[in-house]
Amino acid sequence: MKKLLMKVLVVFLVVTANLSAATNNDFKGKMPKYVFLFIGDGMSMAQVAATEMYLAASGTKPDQTKLSFSQFDAQGLTTTYDAGSLITDSASAITAIASGNKTLSGVINMDTTKTKKFTTIAEMAKAKGKKVGVVTSVSLDHATPAGYYAKEVSRGNYYDIGIQLAKSNFDYFGGGGFVQPTGKNKDQKDIYEVIKENGYTLALNNDDFKKLKNGEKSVAINAQLADGSSMNYEVDRKKDILSLADFTQKGIEVLDNKNGFFLTVEGGKIDWACHANDALSSILDTIAFDDSVKVAIEFMKKNPKDTLIIVTGDHETGGMSIGFAGTQYSTFFNKLKGQKISYVGFDTLLATMKKEGTLNKFEDILPIIKENFGLTTDDSKSDLFLNEYELNSLKEAFKLTAMNATERPKNDMIYLQYGGYEPLTIELTHIINKKAGIAWTSYSHTAVPVPTYASGSGSDLFNGYYDNTDIFFKLKSIMGVK
Ligand SMILES: [Zn+2]
């Protein structure tokens with residue numbers, strides 16, 4: 001076993017050495033004034049391809065609609081392992097991308113001994129006189145956005161991260177809110193007060209958001225948040241709720257200046273949907289992410305020689321595969337359209353029923369399943385007709401869902417089936433995904449590399465196969481920062 005481990009380690013190191021030798025991180029052209037870095041959290045090739053296949057008319061034909069960034073002229077593959085594991089988390093992944101250093105999962109911009117702090121590409125851009133903006137669909141103190149402004153031994157120290165945001169002197173923050181605005185024990189100074197004291201304008205509703213203008217140091221938080229701190233899943237978003245593209249557009253308006261800017265945008269809930277094996281929510285959030293990239297593309301059309309856009313993922317989530325044993329060589333992506341709600345939305349619905357005492361009989365839930373997932377037992381001609389096997393698995397899951405969480409049995413089998421999520425909901429997403437030809441292997445991240453796309457000045461450097469730390473070194477060279 002030890003020998004094998006050593007062998008693996010040697011191969012690993014050789015591969016690493018080859019990768020860093022093979023990629024070109026040295027830029028010699030005209031430096032772009034405006035740099036956009038988009039990160040689809042949990043987004044690898046399967047997430048991108050599934051979205052494109054969903055967008056293609058029926059999904060049963062092999063033709064594809066391409067997302068905006070899939071059409072970029074420079075494309076590469078990026079390894080994502082961190083200092084402690086082949087499978088990274090978002091904290092170590094963003095540390096690699098933003099500071100060029102590998103660290104342990106859970107750590108933000110500090111070394112593996114948790115003593116040394118790293119400087120990020122966003123801080124370097126700021127020091128060079130550029131304006132800096134950070135946009136995300138999850139909370140602003142979450143690992144990926146925090147990776148540009150915070151240095152923390154643990155990504156879970158939300159309040160400390162929020163304080164570092166307030167003191168970052170960055171120019172614009174947009175999207176979600178804060179997980180612990182008054183600290184873990186709710187006994188700290190309100191983070192919004194600290195933000196205001198540091199010279200920021202706060203926009204907490206659509207009117208104030210609209211009023212934010214060029215040059216105004218600002219923190220803009222979506223008026224309607226799903227769980228108190230992250231934006232709604234796209235599948236649940238009502239029309240009057242601001243989108244990721246809206247926050248990206250506002251970022252450009254606020255930041256635009258003669259010295260240029262660095263604006264980073266995260267599609268954070270692609271990851272969360274994939275953790276929960278909810279393909280439709282992941283696909284629609286990837287479309288929302290693509291819409292925000294389109295905003296940057298429009299900006300680039302006006303500043304063609306001065307703009308660089310990079311789109312990447314920080315890791316893959318869920319072990320998503322296009323193709324499933326039950327559907328063999330066929331896919332039926334049109335079937336996903338039966339789903340009208342995110343897994344979180346359906347969980348909320350179940351919780352309400354439980355509270356009202358109406359979640360008792362399996363038969364009672366069938367019409368609600370039909371309404372929200374299209375899955376039916378009464379129409380055998382339907383694409384989404386539940387076969388006996390599927391129906392039985394739903395009954396099993398319902399039994400667990402109907403129990404109080406504390407009474408539910410806990411064992412490896414239960415984990416493999418439901419991954420700690422609401423059993424009935426996850427069984428429903430599994431069934432509809434498998435009918436479409438999508439399957440999952442994990443409720444966590446995986447080690448498969450991610451695609452990286454680039455367009456504009458300096459984009460050539462992003463062709464090839466390189467490590468996530470190389471994204472930092474390429475950007476550093478392209479932006480001429482130290
Ligand atoms: Zn994740």
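Start at 1 and go down the list; that is how both ligands and their atoms are numbered. Every heavy atom of this structure was used, including side-chain atoms; hydrogens, water molecules and symmetry mates were not.
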Heteroatom N/O/S of [X] within less than 2.8 Å of the Zn ion (ligand 1):
X	value
His445	yes
His275	yes
Asp271	yes

Ring centres under 6.0 angstrom apart (Phe38, Phe69):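 Aromatic pair excluded; centres sit 6.0 Å or further apart.
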Tyr148 versus Thr264, side-chain donor and acceptor atoms under 3.5 Å: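 Per modelled atom types, Thr264 and Tyr148 side chains form a pair under 3.5 Å.
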Criterion salt bridge (charged side-chain N to carboxylate O under 4.0 Å, His left out) on Glu390 and Lys435, from CA distance to verdict: CA-CA 10 Å; Glu390 291 162 344; Lys435 280 183 180 295; 3.0 Å; yes
Atom NZ of Lys114 with >12 non-hydrogen neighbours under 6.0 angstrom: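 It does not: Lys114 NZ has 12 such atoms or fewer within range.
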